[in-house]
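Below: one structure, written as structure tokens.
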There are 2 protein chains.
Amino acid sequence: MGGDYLAGPQGLLRSINARAVLAVVDREGPLGRPEITRATGLSKTTVAQALRELIARDVVDEAGIDTARRGPAATLYRIAPRCAFGLGVDIGHLRVRVAVVDATGEVLARAEAPAPRRDAAALADTVTALASECAGRAGIGVAAVGQAVIGVPAIVGRDGRTIRRAYGLPRGGKGLVDAIARDLPMPLLLENDVNLAAVAEQRFGACADVGDFVLLGVGVGLGAGIVLGGRLHRGFAGGAGEVGFLPHPATELGTEVLGARRIAEQARAAGIAGRPSPRELFERARGGDEKALAVVDATARRIAHVAASIALVIEPELFVLGGAVGANADLLLGRVRHHLAKDAGPLPIRVIASGVPDDAVLRGAAWLARHHARERAFAAATGAPPQDAGPGGRPYDTDSAG
Amino acid sequence: MGGDYLAGPQGLLRSINARAVLAVVDREGPLGRPEITRATGLSKTTVAQALRELIARDVVDEAGIDTARRGPAATLYRIAPRCAFGLGVDIGHLRVRVAVVDATGEVLARAEAPAPRRDAAALADTVTALASECAGRAGIGVAAVGQAVIGVPAIVGRDGRTIRRAYGLPRGGKGLVDAIARDLPMPLLLENDVNLAAVAEQRFGACADVGDFVLLGVGVGLGAGIVLGGRLHRGFAGGAGEVGFLPHPATELGTEVLGARRIAEQARAAGIAGRPSPRELFERARGGDEKALAVVDATARRIAHVAASIALVIEPELFVLGGAVGANADLLLGRVRHHLAKDAGPLPIRVIASGVPDDAVLRGAAWLARHHARERAFAAATGAPPQDAGPGGRPYDTDSAG
DNA sequence: ACCCTGAGTAGGAAAGTTTCCGACCTACTC
DNA sequence: GAGTAGGTCGGAAACTTTCCTACTCAGGGT
């Protein structure tokens, strides 16, 4: 019949207040009751009641005492680290990485292995084996994990299950989720790898307080992770950020502007013999090799070109350079800025280096998994009010409205 | 100190419930109490109490009785049409249009006049004079209007006051708002004209239930109104959607891809003598003129090019063709689709014609003004809970967090 | 053809329950 | 001794349930 209008009995108020207490404790770290009282504006009595309830439901913990002030020692409360666990997976072109984190985001275990490139079943087995291993090392059963998020180099549908255009996955990723889901009991969510890198940037990097930014993932291909209003923007069918195919004067339509293949091509064009990897090319450029530097500059120019196009459409506050190639910020950043300033459109554009040098995709996946697992635990503990206290609104609800 | 976590005393619950009742009444039109009770899930008593309060504060009205069922006649309730008024203004290149609407969105008065093109003061005077006239004809004082929204062909900052890159305004729009604000008592908000056309499309056109869409405004210039998650996306400094400057193979960087000037240029290139207006060109094309048709096709190709680029960045569900030139959907739509299908990127792209043929900018401005005026009235009447029941989340808060 | 009765609905009032808050009290530490 | 943490109790606010009255239509009896 009608939609939900958030109206209800007094119980709703209790839920809301419990949620508020939870949010304060989550954000401000271990906190004494008086501080929670001040931060929420609730009365002492109500805070005490809410905490009793939250502790009984195992989402809040006592974490020592605070003797800093005079008077009796204040009990400190925190989110119970073991109230929810998340499993992050990064299925890369070469390796599979897995991490298990607790509710605080602490990494309890991490493991990786080479990625089977041809055999979908073997890939799925690798994932589940690593997951079991990590769960074991974390001292929990796999069943205790509340959510898994799997990063893949592909376009992922809004349902978090469908894979499209997966170049680096066996059989185009067909059946991958189902195969993994058969062996892992918790809810599964797929996500584009660059999107997860953007999440990592937002949570651990330089974009903590930036509402709108774009992570340019320069690696095997070129992709953009777009965060608008503090939330990932995936597009209608998960295809947002496929900026590798943006038109470029020197490139045919329908081909990628930039990526490992393009860089190799430009290396040949610059007269570089052999087939040096991008990594080696950047190394040589660092050594002063003129030809390698020319390739670096061409790469920077194309990055700038793509950033300018994106800026004209959504004008983010900030661009972040990420990905395996983008990690060479020492060489790229200045040149990208130079080209942006040169043929600048109507708007000034800020570009910075990634603040998450290692494991960005994995860390983003783990963060997202933890987030969902926690939300579920919190909702169950407080009576499921749809409130959500992230900076800049509700983050990341992979809303499948169907 | 801390942020707001939406926690509070029982009074909060009353606010929330009043707000829910208001939202139901707003969405479902005139409604009897029993239906409100069902839709909100609240008890009869509470609904009665809320309605008493809302009526006392003049935001809700009795609107006749319902004798359809047997039993005693049920009183019907609705949003009081006179609880808030909005003033919409469209400052175009040639004419200024103004409309006054009531809380239901009904247009109470509309007026227009030629736009003074050189004199900023005269332009401001035109606006205020038309506003006074409309308010008079609507039977209210200008002071009764709760919000004005002014559409301008320019980039508008997030504060809704600053104007940048206003080609069609005297003195680049400098001082325009202040001059108008001196004579109009209500809060003023500027907005980009294409953005307002997008709002109109969302509210009156074909995009009522589409969360993510892009309105391509093809007129004197080319701009995009971007709606993501049901909300306008303005960009960091209001510059989102400046897609007229997207790179195009046949165009130099920093120049516009499309617009009246480009079309004239292409007409010359096609060997058309004289300087026919775009309108005339499309007329001739309709008559079968080969050269004019060539120009139309070239225009369509460029529109397709821009749409494809936008789709690669944000992948909206839908593109809508609007603006004075875009209104020639009979000629353009098929050709745009053709070109999109031809050099399609990885994603299928839907394009439709605008569903708001007339006064799109004005209607969008009026809608937005009404929206803000109403929100303010509702907040005052219910005790200002930050809830907001639009389809797909909170719409259009011009959040100036400063 | 007219009237009476029963069922279903709208609206209101009283009693009961849940929840929050303020005030008071105790215990603890500097 | 002063200031703080934590607990308890009575009061106020808000919602719900239950009961009650009044009204209208439908159907059957006279």
Side-chain angles (χ1 to χ4, degrees), chain A residues 5-22 24-25 30-56 60-78 382-383 385 387, chain B residues 5-22 24-25 30-56 60 62-78 381-383 385 387:
Chain A
Y5 287 107
L6 182 57
Q10 306 96 304
L12 175 64
L13 197 52
R14 174 156 282 195
S15 296
I16 289 176
N17 288 339
R19 193 70 199 213
V21 169
L22 209 44
V24 169
V25 171
L31 232 52
R33 282 200 214 181
E35 288 165 277
I36 300 174
T37 303
R38 273 191 294 277
T40 56
L42 295 167
S43 74
K44 232 172 39 158
T45 323
T46 306
V47 170
Q49 166 58 32
L51 283 174
R52 251 196 305 281
E53 184 73 12
L54 292 172
I55 290 174
V60 167
D61 238 0
E62 295 188 3
I65 51 173
D66 175 19
T67 55
R69 270 171 300 276
R70 75 171 151 183
T75 319
L76 294 177
Y77 299 89
R78 61 168 181 184
T382 58
Q387 200 194 357
Chain B
Y5 288 106
L6 182 57
Q10 305 97 308
L12 175 64
L13 197 50
R14 172 155 284 193
S15 297
I16 289 175
N17 287 338
R19 193 70 200 213
V21 169
L22 210 45
V24 169
V25 171
L31 233 53
R33 282 202 217 180
E35 287 164 277
I36 299 174
T37 303
R38 272 191 294 277
T40 56
L42 294 168
S43 74
K44 232 171 37 156
T45 320
T46 305
V47 170
Q49 167 59 30
L51 283 173
R52 253 197 303 281
E53 184 74 11
L54 292 171
I55 290 174
V60 167
E62 294 187 4
I65 53 175
D66 175 18
T67 57
R69 270 171 301 278
R70 77 172 150 183
T75 319
L76 294 176
Y77 298 88
R78 61 168 181 185
T382 57
Q387 202 194 358

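Order of the sequence lines sets the chain letters (A, B, ...), proteins ahead of strands, with each chain counted from 1.
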Nearest to the side chain of B/Pro34 - C/dA10, D/dT17, C/dC20?
C/dA10
A/Glu35 CD to D/dT4 P, in whole Å, measures 12 Å
Quickly work out the A/Tyr77 OH to D/dG6 P distance and round it to whole Å.
6 Å
Side chains of B/Val21 and B/Leu51: closer than 4.5 Å at any heavy-atom pair?
yes
Would you mind reading off the distance between B/Leu13 atom CG and C/dT17 atom C1', rounded to a whole angstrom?
14 Å
C/dT18 -> Watson-Crick or G-U wobble partner, both distances under 3.5 Å, gives D/dA13
Report yes if some heavy atom in the side chain of A/Gln49 is under 4.5 Å from a heavy atom in the side chain of A/Glu53; otherwise report no.
yes
Which part of the nucleic acid, if any, lies within reach of A/Thr46 when heavy atoms closer than 4.0 Å are counted: base, sugar-phosphate only, or nothing?
sugar-phosphate
Regarding B/Thr67, tell me which of base, sugar-phosphate or nothing describes its non-hydrogen contacts under 4.0 Å with the strands shown.
nothing
Could you give the CG-to-C1' distance, from A/Asp66 to C/dC30, as a whole number of Å?
14 Å
Beyond-backbone contact of B/Glu62 with B/Arg78, side-chain heavy atoms, under 4.5 angstrom:
no
So does A/Asn17 get a side-chain nitrogen or oxygen closer than 4.0 Å to the phosphate oxygens (OP1/OP2) of C/dC20?
yes
Could you state the CD1-P distance from B/Ile16 to D/dA13, rounded to the nearest angstrom?
19 Å
Over all strands shown, is B/Gly32 touching base, sugar-phosphate only, or nothing at heavy-atom distances under 4.0 angstrom?
nothing
Using the closest heavy atom to pick a nucleotide of DNA chain C for each, name whichever of B/Gly71 or B/Leu76 lands nearer the 5' end.
B/Gly71
Output the rounded distance in Å from CD1 (B/Ile36) to P (C/dT9).
17 Å
If we only count heavy atoms from C-beta on, is the A/Arg38 to A/Pro34 side-chain gap below 4.5 Å?
yes
Side-chain heavy-atom pair A/Tyr77, A/Leu54 within 4.5 angstrom cut-off:
no
Sugar-phosphate, base or nothing in reach of B/Ala73, heavy atoms under 4.0 Å:
sugar-phosphate
What is the distance from CD of B/Gln49 to P of C/dA14, rounded to the nearest Å?
15 Å
Between A/Val47 and A/Arg70, which is nearer to the 5' end of DNA chain C once each is assigned its nearest nucleotide?
A/Val47
Taking the side chain of B/Ser43 as its heavy atoms from C-beta onward, which of D/dT16, D/dC15, D/dG6 lies nearest to it?
D/dT16
Send over the distance from B/Leu12 CG to C/dT18 C1', rounded to a whole Å.
16 Å
side-chain N/O B/Arg33 vs C/dA10 OP1/OP2, d < 4.0 Å:
no
Nearest listed nucleotide, side chain of A/Gln10, among D/dG3, D/dC15, C/dC20
D/dC15
When you measure from the side-chain N and O atoms of A/Arg69 to the phosphate of C/dT29, is any distance below 4.0 Å, counting only OP1 and OP2?
no
Ignoring hydrogens and angles, are the base of C/dG22 and the side chain of A/Thr45 linked by a donor-acceptor pair under 3.5 Å?
yes
Using a distance-only criterion (donor-acceptor N/O pair, under 3.5 Å, no hydrogens), is the base of C/dG12 paired with the side chain of B/Lys44?
yes
Heavy atoms, side chains only, cut-off 4.5 Å: are A/Leu12 and B/Leu13 in contact?
yes
